[in-house]
Amino acid sequence: MRAIWKNTVIAESDDTVLVEGNHYFPASAVKPQHLLPSNTRTMCSWKGEASYMTVFVDGDALPDAAWTYAAPKDAAAEIQGRIAFWKDVKVVE
């Protein structure tokens, strides 16, 4: 799977975890130069607290387009240490 924005591959891995239609990539498969921290947090009743990141490519930013669960609840343990994408980031095979 590949996560792409503005024709740039942000993440690529054969080892994603699919949860609620979102592919969670291992953090090691994500190019860190394309992520900036965000102060946005959300709470999921069964996954826990999500922390968001802004996707950044060639001087353009896509706020809160990536997220991770640093300490997910037990029911979502398989996504710990993984990052998912949404908004205009396309995830394709």
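Heavy atoms only: backbone and side chains are in, while hydrogens, waters and symmetry mates are out.
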Looking only at atom types and distance, does a side-chain atom of [X] sit under 3.5 Å from a main-chain N or O of [Y], one as donor and one as acceptor?
| X | Y | answer |
| --- | --- | --- |
| His34 | Ile10 | no |
| Lys87 | Pro63 | yes |
| Trp67 | Arg41 | no |
| Lys73 | Glu49 | no |

Test of understanding: clusters of I, L, V, M, F, W, Y form through side-chain heavy atoms closer than 4.5 Å, transitively. Do [X] and [Y] belong to the same one?
| X | Y | result |
| --- | --- | --- |
| Phe56 | Trp86 | no |
| Val91 | Tyr24 | no |
| Tyr52 | Val89 | no |
| Tyr69 | Met43 | no |

Electrostatic pair Arg82:Asp15 at N-O distance under 4.0 angstrom: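 Salt bridge present between Arg82 and Asp15.
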Basic-acidic side-chain contact under 4.0 Å: Lys47, Glu20: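 Salt bridge present between Lys47 and Glu20.
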In Å, rounded to the nearest 0.5 Å, how long is the span from [atom1] of [X] to [atom2] of [Y]?
| X | Y | atom1 | atom2 | value |
| --- | --- | --- | --- | --- |
| Ile79 | Asn22 | CD1 | CG | 9.0 Å |
| Arg2 | Thr8 | CZ | OG1 | 12.0 Å |
| Met1 | Leu18 | CE | CG | 8.0 Å |
| Asp64 | Leu36 | CG | CG | 11.0 Å |

Neighbour count above 12 (heavy atom, 6.0 Å) for Asp58 CG: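 Open.
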